[in-house]
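Numbers here simply count residues along the sequence, with the first being 1.
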Amino acid sequence: MKIFKKFSFWMTLFASIVNLFHFLGYDGDNYLIFFANPPNWVLEDYSYKLREFFVYERAFWVFLYIINIGFYFLSGCIIDWLISKIKKARSVHLTNNDR
């Protein structure tokens, strides 16, 4: 099970749990949904404009959920990529030392 060793999986799972927690109403003051996601910090300044853009309140939250999952997925992919680069550089370095 290689997927369980990927940061992209675990970070996306974390974002999904945060979104589910908020969706079910356990995050009444929206602290977790905003503090757990840095892009929401920037969007908070424009939230009143975004709320006007979306006709339904639920659509606004779905938009934030998608940003949350996307941010954590991309962050996980970047971390996975960096780890693979480090491992590859380490293996090249070890094989060059064997000569």
Side-chain angles (χ1 to χ4, degrees):
M1 288 296 186
K2 230 175 177 182
I3 194 166
F4 294 122
K5 294 181 180 180
K6 299 282 186 182
F7 272 91
S8 55
F9 171 76
W10 290 108
M11 292 181 79
T12 305
L13 181 66
F14 171 74
S16 300
I17 291 170
V18 167
N19 289 345
L20 182 65
F21 192 76
H22 182 268
F23 181 77
L24 293 175
Y26 294 115
D27 186 23
D29 293 328
N30 304 326
Y31 288 134
L32 184 61
I33 196 74
F34 280 103
F35 288 130
N37 191 8
N40 285 345
W41 302 345
V42 174
L43 289 176
E44 187 176 8
D45 294 337
Y46 302 103
S47 66
Y48 65 93
K49 291 180 183 176
L50 284 173
R51 287 176 195 262
E52 290 176 4
F53 177 74
F54 292 105
V55 177
Y56 300 105
E57 180 78 14
R58 181 78 57 179
F60 172 72
W61 289 111
V62 169
F63 174 71
L64 290 181
Y65 295 157
I66 290 170
I67 288 176
N68 193 14
I69 290 175
F71 172 77
Y72 277 102
F73 176 73
L74 288 175
S75 298
C77 287
I78 290 170
I79 292 171
D80 290 337
W81 177 75
L82 288 172
I83 289 173
S84 71
K85 286 291 209 186
I86 290 170
K87 284 183 179 180
K88 191 181 288 186
R90 238 187 237 168
S91 68
V92 168
H93 178 68
L94 289 176
T95 56
N96 286 342
N97 284 343
D98 291 341
R99 293 181 186 177

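- Taking OH from Tyr26 and CG from Leu32, the interatomic distance works out to 13.5 Å, rounded to the nearest 0.5 Å.
- Looking at Asn19, Asn40, Ile69 one by one, the single match for side-chain contact (heavy atoms from CB on, under 4.5 Å) with Leu64 turns out to be Asn40.
- Remark: Ile79 CD1 to Met11 CE distance equals 4.5 Å, nearest 0.5 Å.
- Considering every non-hydrogen atom in both Ala36 and Pro38, the closest pair reads O-CD, 4.0 Å.
- Follow the hydrophobic side-chain contacts under 4.5 Å out from Val62 and you never reach Val18; the two are in separate clusters.
- Using modelled atom types, no side-chain atom of Trp61 and backbone atom of Phe23 make a donor-acceptor pair closer than 3.5 Å.
- Looking at every heavy atom in both residues, Cys77 comes nearest to Ser8 through N-CB, 3.8 Å.
- More than 12 heavy atoms of other residues, nucleotides or ligands shown are found within 6.0 angstrom of CZ on Phe9.
- Residue pairs meeting the ring-ring contact (aromatic ring centres under 6.0 Å, His included) criterion with at least one member in residues 69-89, sequence neighbours excluded, are Phe14-Tyr72.
- To the nearest 0.5 angstrom, Arg58 atom CZ is 6.5 Å from Tyr65 atom OH.
- Separation of atoms NE2 (His22) and CG (Asp27) is listed at 5.0 Å; rounding is to 0.5 Å.
- With rounding to the nearest 0.5 angstrom, the CG atom of Leu82 is 10.5 Å from the CZ atom of Phe7.
- Hydrophobic clustering of Ile, Leu, Val, Met, Phe, Trp and Tyr side chains at less than 4.5 Å, counting indirect connections, keeps Ile66 apart from Trp41.
- Transitive grouping of hydrophobic side chains (ILVMFWY, heavy atoms separated by less than 4.5 Å) keeps Ile33 and Tyr31 in distinct clusters.
- If you take CG on Asn37 and CG on Asn68, they are separated by 4.0 Å, rounding to the nearest 0.5 Å.
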